[in-house]
Participant: 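I have a structure here, written as structure tokens, and I will follow up with some questions on it.
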Amino acid sequence: MKKDLLGLQYLPADEIMTILKNAVKMKEIVLSDKKKINTLEGKTVVTLFYENSTRTRMSFELAADYMGAHAANITASGSSVAKGESLIDTAKTIDAMGTDILIMRHGSSGAPHLIAPLVKASVINAGDGLHEHPTQALLDLYTILEKKGRIEGLKVAIVGDVYHSRVARSNIFALKKLGADVSVGGPSTLLPRGLENTGAKVFKSVQEAMIDADVVMGLRIQLERQKSGLFPSLGEYNRFFGIDDKRMCFAKDDAIVLHPGPVNRGVEFSSELVDGASSCINEQVTNGVAVRMSVMEWLRG
Ligand code: CP
């Protein structure tokens, strides 16, 4: 049994594939009329979120419910965190209630890594600062596999606000491990230094990164994390770096479009692209439930 899922940087390719293969079975359950298995019967799953979320938190809670677990949630604003209780004390308190799986989102990189050795519960990183968001990348990989049948040899363009994106980091680590050719593009102010060391090719324009891409993964402009001066305005960002049907011409004709959500429509992606035939954004959400079921089974099943 594995204890935690904190990131994909050090997770071997065969473990990633085990989670993705098992998610096929989980997706059948998600799409069925009787969404119930008993893999986590008697277990308790708690989501502890210090940052807002719709997809990740809800999909973990639904996944836990479909698997027969007791699911509970706690947010920083509605808990004793607001009275000044520390992260460590909060996590130990939740652990002491008999929690089996603790799913954490925190604004500080490394927060789940700090907590994991201090608690008996399995810890799943649901996004830590600018570091990793492993289950988002796993559902992205699953969606690529479902649509393209393979990952090895595909060209994946990751474009937008790479600097602030934990989604980009987890995806680059996993995609490189599974043999994809990864290109990254965006404004130079939103490209972190040393990105080339991951094995990704780095471009200062989205067009160059997208040439002949099989998959175009857009990233949200993280308005809540922007310092001023990284780009002049959202309108200007859209003009030079936004993706629309016209810019998609740089990618292959059958390229698919991914985005972790929530999308800033008219900024990183046009509405036509979000709602268009190549967009897999809603399927990513469905796949998120299946992949998170698979992750919890991998940890505790
Ligand atoms: N992709 C993602 O993490 O979305 P939420 O912030 O809604 O969970």
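As the structure lists them, so they are numbered: ligands from 1, and atoms in each ligand from 1. These values consider heavy atoms only, across backbone and side chains, with no hydrogens, waters or symmetry-generated copies.
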Participant: Which of the numbered atoms in ligand 1 are under 4.0 angstrom from any heavy atom belonging to Q136?
Facilitator: 1 (N), 2 (C)
Participant: Please determine which of E132, H131, Q9 meets the side-chain hydrogen bond (donor to acceptor under 3.5 Å, both in side chains) test together with S170.
Facilitator: E132
Participant: Mark the output for H133 as yes if a heavy-atom distance to ligand 1 is under 4.0 Å, and as no if none is.
Facilitator: yes
Participant: For the residue pair F269 and H259, categorise the inter-ring angle as parallel (less than 30°), tilted (30 to 60°) or perpendicular (more than 60°).
Facilitator: perpendicular
Participant: Work out whether the distance between some heavy atom of G127 and some atom of ligand 1 is less than 4.0 Å.
Facilitator: no
Participant: Taking side chain as C-beta onward, heavy atoms only, is E297 less than 4.5 Å from M26?
Facilitator: yes
Participant: Any N or O on T54 sitting closer than 3.5 Å to an N or O of ligand 1?
Facilitator: yes
Participant: Could you tell me whether ligand 1 has any atom less than 4.0 Å away from a heavy atom of R105?
Facilitator: yes
Participant: Which ligand 1 atoms does T56 reach within 4.0 Å, using its non-hydrogen atoms?
Facilitator: 2 (C), 3 (O), 4 (O), 5 (P), 8 (O)
Participant: Strictly below 4.0 Å, N to O, side chains only: are K155 and D181 in salt-bridge contact?
Facilitator: no
Participant: If you measure every N/O of P260 against every N/O of ligand 1, is any gap under 3.5 Å?
Facilitator: yes
Participant: Please tell me whether R105 and H133 have a donor and an acceptor in their side chains that are separated by less than 3.5 angstrom.
Facilitator: yes
Participant: Assess the side chains of E208 and S205: does a donor N or O sit below 3.5 Å from an acceptor N or O?
Facilitator: yes
Participant: Show the atoms of ligand 1 that are less than 4.0 angstrom away from any heavy atom in G261.
Facilitator: 1 (N), 2 (C), 4 (O)
